[in-house]
Amino acid sequence: MAHQVSVFVENKPGRLEKVTGALGQAGINIRAMTLNSSSGGWGVLNLLVNHPAAAKDALSAAGFLTALHEIVVVEMTDQPGGLHEVVSLLARAGLNVENAYGTVLQNGRSAILVINVEKVAHAREILAAAGVRTLEDDAIYAI
Amino acid sequence: MNSYWQPDIETAAPDTLRAMQLQALRRTLAQAAQSPYYGELFRRLNFSPEQIRTRDDLRRLPFTTKDDLRGHFPYGFLAVPKAETIRLHCSSGTTGNPTVIFHNRHDLDSWANLVARSMYCAGARPDDVFQNICGYGLFTGGLGFQYGAERLGALTIPAGAGNSRRQIKLMQEFGTTVIHAIPSYLPRLREVFTELGLAPAKDTRLRVILSGAEPYTEETRRRLEAMFAPAKVFNSFGLTEMNGPGVAFECDCQNGLHVWEDAYLTEIVNPDTLEPVPDGELGELVFTSLDRQAMPILRYRTRDLTRFLTGPCPCGRTHRRLDRITGRSDDMFIIKGCNVFPMQIEQVLMRIPQAASDYLIVLETLGDNDELILQVEAHPEWFNGDFSKLEHVRQRIVREIHDEVLVTPIVQLVEPGSLPRAEGKAKRVDDRRRNGKTDF
């Protein structure tokens, strides 16, 4: 299973800085991140990090509302249509993708896609049946 | 040359007016005795309407409060057979019982006349074109002014609230000369004039603006008059429990609101001791309806604070003048013309488990509009990192607050523990509005 760290942040100066500061102090490495922003003056920051549980503890200690959120991580090959194939599989199964974000790996030839989807276990089965490999926590963080 | 809608009544000698009031009060008490609530109250106090010799004798009866009205919802105050009633108006609110007021044909007729008299008092005439820029429906400002303006004989445009461009188009197409709108809307309307490259002075025939349902200061009036010059702004006062608009109104002198004493017996009392205050001193307004059949209300505590202005008014009307409302004796606030109690907001939040119990109501002028901003702490136990769930919670709060108080709030979720915590009683309302502000 793979997890992202989700943090509730108010949309005001200095909040994001406080998140990155807390993680830096705890020696956490951020691989990728995305921010969902609401018109209501707040947002949820999603972080892909090397030590999710430690990151959650560090952020909670800094006073943030934090949760570990289960995700699906797919390794993408760098060829046209790769993303389309993954998204189509989930759409055909009627699974709603809430958010997705990617990062290019250090080797520069491949990328990972983080998919925030409902019914994670089900999504993983569908992808596995179609031969799409999903990554587990340690595999992702070892990248 | 002063002119009046009903000269005999409006300029009656004080003694004549008092005699009229006493007669109307006796009639009202006899009528009230027909209602379950006052019938029972009179029996318990061994009181009969014939015992009333002077207006002061009314003080032998207790006050009626909003809680009394709510507690005997819906028909406890009804003094005529239900079949005789033809309309009801009620206050906002789905939490607990709303305040509902019933009218029979006589009541609506009397109310329309009072609104016509009020409009005439502020300078409206039968040949005017009147555009009513406010919500119709349960809010009394819509139908109240509609019937009053028709009684006056003006051409009425029931424009309703909002859609400023269409409002301006209507004003231009039909040559509107008189409008009614809540004070906090007027700057927005003026802004749209500018957006369209228009100005009220050269592009409309507007000359009278009736504005009320929210307290506003004299400075705000002058600011509004500068925006809409040469039109004049007149202060309107009323409350649903006493019909709605047409309780007290400003005349051409713009110096206090004449309260129609043939229709409302007005007391001003110290909100703590509940004893009458001397004329000129600040206190809580208390009204007794004097011309209502379906639902007479005796000694109703409005919670509005004001004072009687002393001395005669140059307009020649003898009905006493009330100063602007300067505050409340409870924690109610008024925004976008709606009365809101912090408790209503709290009750909505208590129904929503994902919202923590800490909240702050911020009233703020954004651009030219006053907004109700509700800051709610997100509940730690419900946060699982899911953005859309939180967004749904926020939207649900917006929807349920709107259903409750009829104002669409701006809801901001904030981090747990981030709202200020006061010692003892938490500060729930932070009023930062530029104008229309209620001073507590």
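Reminder, nothing fancy here: chain letters follow the sequence lines and each chain counts from 1.
Within the 4.5 angstrom heavy-atom criterion, no atom of B/I373 approaches chain A. Only the backbone of B/V411 comes within less than 4.5 Å of a heavy atom in chain A; its side chain stays farther off. For B/L413, the parts lying under 4.5 angstrom from a heavy atom of chain A are both the backbone and the side chain. Heavy atoms closer than 4.5 Å to chain B are found in the backbone of A/S37, but not in its side chain.
Highest contact tally toward chain B, considering only A/N46, A/V5, A/T66, is held by A/T66 [criterion: heavy-atom pairs under 4.5 Å].
To the nearest 0.5 angstrom, A/S39 atom OG is 9.5 Å from B/Q412 atom CD. Going from atom NE2 of A/H69 over to atom CZ of B/F383 covers 9.0 Å, rounded to the nearest 0.5 Å. For the atom pair CG of A/N99 and OG of B/S388, the computed distance is 10.0 Å after rounding to the nearest 0.5 Å.
At a heavy-atom cut-off of under 4.5 Å, chain A is reached by no residue from residues 190-199 of chain B. Residues from residues 15-28 of chain A that place a non-hydrogen atom less than 4.5 Å from a non-hydrogen atom of chain B comprise A/R15, given in numerical order.
Residues satisfying the salt bridge (charged side-chain N to carboxylate O under 4.0 Å, His left out) test with B/K66, not counting sequence neighbours, are B/E241.
Pairs of residues two or more places apart, or lying in two chains, that qualify as salt bridge (Lys or Arg N to Asp or Glu O under 4.0 Å) and include a residue from residues 386-396 of chain B are B/D386-B/K389, B/E391-B/R394, B/R396-B/E400.
The local environment of NE2 in A/H51 is sparse, with at most 12 non-hydrogen atoms from other residues, nucleotides or ligands closer than 6.0 Å.
Residues A/S6 and B/F387 form no side-chain contact, since every pair of their non-hydrogen atoms from C-beta on lies 4.5 Å or further apart. Taking 4.5 Å as the limit, some side-chain heavy atom of A/W42 sits within range of a side-chain heavy atom of B/L390.
Proximity of a side-chain donor or acceptor of B/E415 to a complementary backbone N or O of A/E10 within less than 3.5 Å is detected.
Here the closest heavy-atom approach between residue A/L65 and residue B/A378 is recorded as CD2-CB, 3.8 Å.
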